[in-house]
Each structure stands twice: as structure tokens, then as C-alpha cells.
S.K.: 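Take a look at this one; I'll ask things after.
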4 protein chains.
Amino acid sequence: MTQSSHAASGKVTKLNRVERNAWTKRRLFDAATKIVGKYGYAEASVARITEEAGVAQGTFYNHFENRQELLDQLLPKIGIDMVHFIRERTGTADAARQEIERFSAFFDFIREVPEFLRILNEAEYFAPVGYQKHLDNIATAYVRILKRARTAGAIVDFSDEEFEAIVHMFMGARGYLSRRYSYTGGAVTAAPDHVISAYRKLVTRGLFTPDKGNGNDR
Amino acid sequence: MTQSSHAASGKVTKLNRVERNAWTKRRLFDAATKIVGKYGYAEASVARITEEAGVAQGTFYNHFENRQELLDQLLPKIGIDMVHFIRERTGTADAARQEIERFSAFFDFIREVPEFLRILNEAEYFAPVGYQKHLDNIATAYVRILKRARTAGAIVDFSDEEFEAIVHMFMGARGYLSRRYSYTGGAVTAAPDHVISAYRKLVTRGLFTPDKGNGNDR
Amino acid sequence: MTQSSHAASGKVTKLNRVERNAWTKRRLFDAATKIVGKYGYAEASVARITEEAGVAQGTFYNHFENRQELLDQLLPKIGIDMVHFIRERTGTADAARQEIERFSAFFDFIREVPEFLRILNEAEYFAPVGYQKHLDNIATAYVRILKRARTAGAIVDFSDEEFEAIVHMFMGARGYLSRRYSYTGGAVTAAPDHVISAYRKLVTRGLFTPDKGNGNDR
Amino acid sequence: MTQSSHAASGKVTKLNRVERNAWTKRRLFDAATKIVGKYGYAEASVARITEEAGVAQGTFYNHFENRQELLDQLLPKIGIDMVHFIRERTGTADAARQEIERFSAFFDFIREVPEFLRILNEAEYFAPVGYQKHLDNIATAYVRILKRARTAGAIVDFSDEEFEAIVHMFMGARGYLSRRYSYTGGAVTAAPDHVISAYRKLVTRGLFTPDKGNGNDR
DNA sequence: TATGAATGAGGCTTCATTCAT
DNA sequence: GATGAATGAAGCCTCATTCAT
């Protein structure tokens, strides 16, 4: 296995130098994700990460300048995966419904990548560069969505600045809810219905305008 | 000076054994608060804490079984201070307005105890026992408040379970907003008006019933 | 032995805390002297030094801020010993003879402290702070001696600046000679007669004025 | 460009296998000289040397058995350059004057190859094989010069053994003087006049016989 | 109870060398 | 011959905890 990998076709392929290099780096990334998700940044020692990746400690420094460099890349990388994941699961319904879909998709993503929450939550202090990058990514995209909804008339009476505040509320809410409701025992579970419904009520009434055509939530 | 303290009256007082004991423990607490707030749990070494407290490292272990024991007590202790602080600043207006007051008071508390946010945020992973305790404290009290509002007719159409979800959303929103808006440079600043107004709109429309008497937010 | 030491009187003495502290620091010093003398600064790892001293690695950092701090103190400390050693062995004969005595005494000192040469020689690069300190110590004292000789008429025709240059020549000469002639096999030996006589001729003729009373070297 | 070099004629020349081989080895030599001169042997890692040389780390081991082998060759190689350099700058005046010329030329060489001093000084411990080789080279040649002067009557009263001692004094003196006076800030400067004059007085009076024909230094 | 030196495990990083391409 | 990723030993330093005074 050290010299080969299973290509998409299922065939075992010899890797050339460049591929092998990328493969090792990828293993380190994946290992770090697993370790940070499980033990937190502070306990994510290079020794642990390399052991998980199945390479020598020295190998780490062929791929990253230092420990921090990897840690700083962790969140933005997964963050992008998250955005894609959610976008794919957002339909073409009215704006309020789409927001609920995004909310649900977030919880689905956490089930896919259970490490995400811890990585996100600790990043502010242990990977501040990556944290800021991630937050800007998300906030920018999210605010754009809200502005479009306003243009379409689905939201009124909120300024751009208020949108930014709203977006942070939404992100914070997701974080706390998922930490509270996503874990049962060691396993990661789906968000309960009453969480979805509470969010739906709060957001559709609080942010969006009643839309007779689509029917609001009441 | 190590054997005495300035009482409120301004007199220098000799402390007896019990008082001196409590005094040292208190110093360790305060030092830990400062250090964890500034450097995070992971960097809050016993050496740093005792240095900040002005006692020898060995002294630490006369007051706490080990490092973790102190860390676990940190958040619940400050959390109680926070509850008192907010309660004192909540008036007798209608339920929706009280919620806004609580929201504002939270930001005021952060300015009083700037270490709080970091202690709270990291505690989930570094002081899980204390974290759970704190969260239960807050959630229980908060849900009780919402139930009372429902009884009074200020909220309709939300179940108890949904209240719990709502409370987590609120707590998460506070956390993200304060991290985003409370710090400018190194200093801790008040929450901007548009943050307050965005919260007011979302919450009064989303959670509370329009109250003709008091006038809703529009 | 870890709890006691042989006092000058020969009695075994319990050490109090302060004494024990000083004793450990002294052991680290002595160990470092031995190790640097034998393996050079670059190979003088903290592990080696503490092993030689019979303490744990961590103990090192209770006594020195870091490895460099000890290394920087090494040369000046031994340098002072050297100055005392040589001074004690310098008689009251005429200036030229005193210079020869100092020269010989230098070689005697090296036999006493065989580590000195290597410590001195490498210090320029591995302990620059200590090196500069040592050089200034020696040069200042040496120039003062030459000035006195000039005042006494034993030297003429040399300026202060030239004295400084002369002193550096002398120090350099000692270093090279000792490295060439002091070691035979692993043992440290006395300077051969022809080295002494060559120095005597060069210096008495080259620096000092012929003194009929004392008879010059021819 | 890696496959060719600018010949003296100005034409770009394809190198054959042997030339290319020598060229790479030469680059490693030059890089090592620069690195050791700047950082010392201990910091002259293979990584640093190969980076400076612009080749891969592995390439190093195609040209040298190991790191030490290159280090041991460094000093003798430059030492030979030095001998040539000094010989070219020594005229046909009387013996005493020639000695002063050699002395001055040494300082000029250091300005040409500022790395030399550090390489020389550390070599004793980090490249002992090369160091001994170098010292023998120099001492032998130097003693031969002094013997010739004695044959010519410019020196009397010194035995062969004493010559050897004198030569070591001279070498040591040069080393210390150059370290003290050749560096100002980061730049390498010429030896001050008073250093030259002090050396001239000491040596012409101390070693050479007054020569009426050529005039001694007084 | 207070002290602070001693401990040794463990963390990050650098390094010389090897080897498959 | 050239490359550069992989290796694992070793270096410096920090840390939580213990214990004699």
C-alpha cells in the first residue's frame, strides 16, 4: 500500500513522484483532521499526526513549514467542502425555505465530517489565521445570499450591516445547536425535528416577509 | 504584605489561618481567570498561574488536587457572576424588551470580564465538566424565563423542546456576535447599534407576539 | 552523597536549601567545563552536561535560563581563575623576567585546567558574549602591566595603541604554542625549554630595553 | 543554464560529463566556504550547503562520502591559496622587511577571503584532519624561510626547534590580531598602522639582526 | 501551609543520510 | 549523475507533579 493506491477505476496504480508527494501530504491532512477533531488542536502533536498518517515525524517537515502551517490550513479547507456540500443541497424554493434547507444541510454535513465542529470551534484560538479566513468566506457568501433575497423582496427592513450581524447569529446558533443536539453518546445524530421547527419559526417570522404565494410557515 | 490585606475599611488586617487559606485560593482563581482569558487553557500552565498569583508552584497543590480541578471550576464560577450581572440589568418592561436588555447586558458583562469569552469557548474541550455545568445553569434559567413569557401570552406557538433549541440559538448568537464585534484591536468595545437592532428585529418578530399595548418594534 | 557534601574540615554536612541549590549549580558548571573542554561547545548538549552532573535534564533549567546562558558564563569564570593563577606565580624581578614568568605560568595553568584552551578557542563563535568579556578582561590587565613597565623605563618607543596590538600578539602566541606543545597523546605536558627560550629571546629583545643591572638575555 | 557555463572566451560551452561533474563539486566547495565562513562548521548543514550551491541534497553524496569529508578538505584548499597569495606579495628586500610584507599580506588575504579566519579557527575542532594538514604546510614553509634567513646571516642565535616555536607564535599573533582588528561592524578592514608598526618593532628587534646595509627599523 | 528544586516525559524541530525514480 | 522525499535519532525546552525543608 505504501507504493500504490486504488485509482477511481479500482486498479492499483504505481504513483509517480509528484503523485506520491501529494498523496503523503493528503495523508497528513486527513490524519490531522481526524486527530484535531478527536483531541483538539492542543493535543494534536506532530507525533500523533504522523503516527496516524503512518509516516515518520521528519516527513511532516517535508510538507509543511511547521506544525502551525498545517493547522492553519485545516479549517479553510474543510470549510470549502462545507460550502459545496450545503450548496448542493439547497433547492430553488422561496428564500425562507432555502434558509431552512441550508440549516438542515449544515447538520447533515456535521454527520459527514464529525470533526468539523471541534476544528471550527477551537480554531479561533489555535489557528487564528485559518479561522479568520474561514469566517470571512462564510460571512461574505451568506450576506450575498441575504442581499439577493432582499432584492427579490423576500426580506425587507434590514440594512447591509444588520445582515452581517444576522449572519453571525445564524452561524453561532448552528454551532451551539449542533454541539447540543448532534452528539448522543459518541455517535453523531441528525438534528431533531423540534430544532428544525424552532429555527424555521424564528427565522421565517423574524427575517423573511410573509409570502402568500409560497405560503409562510403559519 | 504577604501576611495581610487591606480591608474595605482601609485598615491592614492580620488574617487568621482560615482566612489566609481562602485568600490564597482566591488569588489562584483570579490568576487563572486572567491567564486562561489571555492565553487559553492549553497555555495556562501551573507555573504561569502561580507566578501571576505570586505564590510558589508547590502551593498550588495545597489548594487543588491537580491543574484540571481548578480549570473545571473556572467557568461555572464566572458564569454565576454573569447571571447575576444580567439579572440586575433586566427591567420590568414587556418580555420582548427584557430579552433585548438581556442581550445588551451580555455585551456589557463581556466588557467587565473580557476573559469570559475565551474561557467559555474553550471550556467545552478543556474543562468539559465545568462546561456542561455552566450550560445547564444557563439553559435552565433561560428556558424558565421563556416559559413565563409564554404563560403571560408574550409567546405563543412554541413548545418546551423548541424553547430549549431557541435558547441554544440565542447563546450561540451571543457568542459569535461578541467575538466578532466586541474586540477592536486589543480593546473590548460596546456592541454596535446595528447589532442590537438586528437582534431586536429578529427576536421580537420571530419569537414574541405583537403586543399592541407596548407596541412591537415597528 | 546526594544529600551531603564533604566540607573542608572533612566532615559530612547536611546542606540547607540555599547551599544545596548552589551546589547543584556548581555541579552543572563543572560538568559543562569538562564536557566543553572535551567535546567542544557544539557537542555540549544539555543532555550530556546534566548526565555528567548527575541531575535530570529539567533541572538544568532551574539554574539557567537556557543552554547559552551557561555557555556564556563559562569562559569569563575560568578566565578569572587564570588571572589569579598567573598573578600568584609572578615574582618581583625585572619586567622582562616577569613577562617570562607569566608566559610559563600560562602553560602551568593549562596543565591545571586542560579544558581551558578549547573553551577559549571556540568561545569566539559559540559564546561570543563571554568571549568578548574575557578578552577585554585580559587585554586591559595586560596593557596596564606594559604601561607600568614603560613608566619604569623597561620599555621605550611603544605607544598605547601598539601595546594593545602587542598584547593580542602575546595572547595569540600563547594559544598556538600551547595547542602545539601542550598536548602529547591525550596527556597535557609542560612547555618544552626551547619554547620558553624562543619566547624569551623574541620578547626581551623585541619589547624590553637592555638592562645592564639585571643583565639582558644574552 | 544548468548545463553550461561561460568560458573565459565568453562563449557558452556545453560541458561534457567530466567537466560537469567537476563543476558541481566546485560549486559545493564554494558554497561550503561561504556557509562555514558565515555560520561556522556546526551550522554548516548539508541542507544549507546544497541550497547555497543550488543542487539537491542527494547530489552532495555523489561527490563526497559524507559531510565530514568535505569539511576536512576546506581549510587545506584555502590554505594553499593563502600561501600563493602571500608569496606573490613578498618582494626581494632584506629578510626583516620580507617578514613584514608577509604579515601585511596575511591581512590582505583576509580581506580577499573573509571566510578564512573562521574556517581556520574552528577547523582545529571540527575538521582536525584538515587542520593538522594545514598547520604542517604552513609551519614547514615558514621554518624553511627562517632557516634561509639564518644562513644569510639575518638571524643568529636561534635553533631549528626555536624556529618552530617562533613560527607558531607568529601564526597565533596573526590570528588574534586579525580577529581583533580586521572586523569593524560587518565589514573587513585593513590592519591599522599601529598594528603593523608594533609587529615590525617586535620582530625586527626580537628576531633579526641589525643590518646596517638595509637599515634596521631604528 | 508555603516553598521551590528536582524529575522525566513529551513537544517541536533539525539533521545526516538513504534510496527509488 | 541528479533529485528530493523519507527516515528516525537527537537537540532544546516546557510542563505537571512530587517532596524535603
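Proteins come first, then strands; the chains are lettered A, B, ... in the order of their sequence lines, and each starts at number 1.
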S.K.: What is the minimum heavy-atom distance between C/G130 and C/L75, and which atoms define it?
M.R.: O-CD2, 4.2 Å
S.K.: For the side chain of A/N62 and the base of F/dA6, is some donor closer than 3.5 Å to an acceptor across the two?
M.R.: yes
S.K.: Return the NZ to OG1 distance between B/K77 and B/T33, rounded to the nearest 0.5 Å.
M.R.: 8.0 Å
S.K.: Counting only side-chain N and O atoms of B/T24, is one of them less than 4.0 Å from OP1 or OP2 of E/dA2?
M.R.: yes
S.K.: Which value, rounded to the nearest 0.5 Å, describes the distance between C/N21 atom CG and C/H63 atom NE2?
M.R.: 5.0 Å
S.K.: Short of 4.0 Å, heavy atom to strand atom, which residues of residues 70-78 of chain B count as contacting DNA chain E?
M.R.: none
S.K.: Starting at CZ of C/F126, measure out to CZ of C/R67 and round the result to the nearest 0.5 Å.
M.R.: 8.5 Å
S.K.: Closer than 3.5 angstrom, by distance alone: can the side chain of D/Y41 be matched with the main-chain N or O of D/V36 as a donor-acceptor pair?
M.R.: no
S.K.: Can you find a side chain N or O atom of B/H63 that sits less than 4.0 Å from OP1 or OP2 on E/dA2?
M.R.: yes
S.K.: Considering non-hydrogen atoms only, spot the tightest contact between D/A53 and D/L28 and give its length.
M.R.: CB-CD2, 3.9 Å
S.K.: Given F/dA5, is OP1 or OP2 found less than 4.0 Å from the side-chain N or O atoms of A/T59?
M.R.: no
S.K.: Would you sketch DNA chain E in dot-bracket for me? Only Watson-Crick or G-U wobble pairs with both distances under 3.5 Å count, crossing pairs as [ ], other-strand pairs as |, the rest as dots.
M.R.: .||||||||||||||||||||
S.K.: Output one letter per nucleotide in nucleotides 13-18 of chain F: B when a protein non-hydrogen atom lies under 4.0 Å from the base, S when only the sugar-phosphate is that close, - when neither is.
M.R.: BBSSBB
S.K.: What heavy-atom pair brings B/R118 and B/K38 nearest, and what distance separates the two atoms?
M.R.: NH1-O, 3.4 Å
S.K.: Please confirm whether the backbone N or O of B/E65 pairs with a side-chain atom of B/E69, one donor and one acceptor, at under 3.5 Å?
M.R.: yes
S.K.: What is the separation between atom OH on A/Y39 and atom P on E/dG10, rounded to the nearest whole Å?
M.R.: 14 Å
S.K.: To the nearest Å, give me how far apart CG (C/L28) and C1' (E/dA5) are.
M.R.: 12 Å
S.K.: Using whole Å, what does the distance between atom P of nucleotide F/dA2 and atom CZ of D/R27 come to?
M.R.: 12 Å
S.K.: Nearest 0.5 Å, what's the CG-CD distance between C/L117 and D/E124?
M.R.: 8.0 Å
S.K.: Round to a whole Å and report the spacing from CD1 of D/I49 to P of F/dG4.
M.R.: 18 Å
S.K.: To the nearest 0.5 Å, what is the distance between CG on D/D30 and CD on D/E52?
M.R.: 9.5 Å
S.K.: Could you give the NZ-to-C1' distance, from D/K25 to F/dA2, as a whole number of Å?
M.R.: 16 Å
S.K.: May I have the distance from D/Y41 (atom OH) to E/dA16 (atom C1'), rounded to whole angstrom?
M.R.: 18 Å
S.K.: Using whole Å, report how far CD of D/E51 lies from P of F/dG4.
M.R.: 12 Å
S.K.: If you round to the nearest 0.5 Å, how far is CD1 of D/I35 from OG1 of D/T50?
M.R.: 9.5 Å
S.K.: Let me know the distance between CG of C/N21 and C1' of F/dA20, rounded to the nearest Å.
M.R.: 14 Å
S.K.: Give a yes or no on whether the backbone of D/L70 and the side-chain of D/Q73 come within a donor-acceptor separation of less than 3.5 Å.
M.R.: no
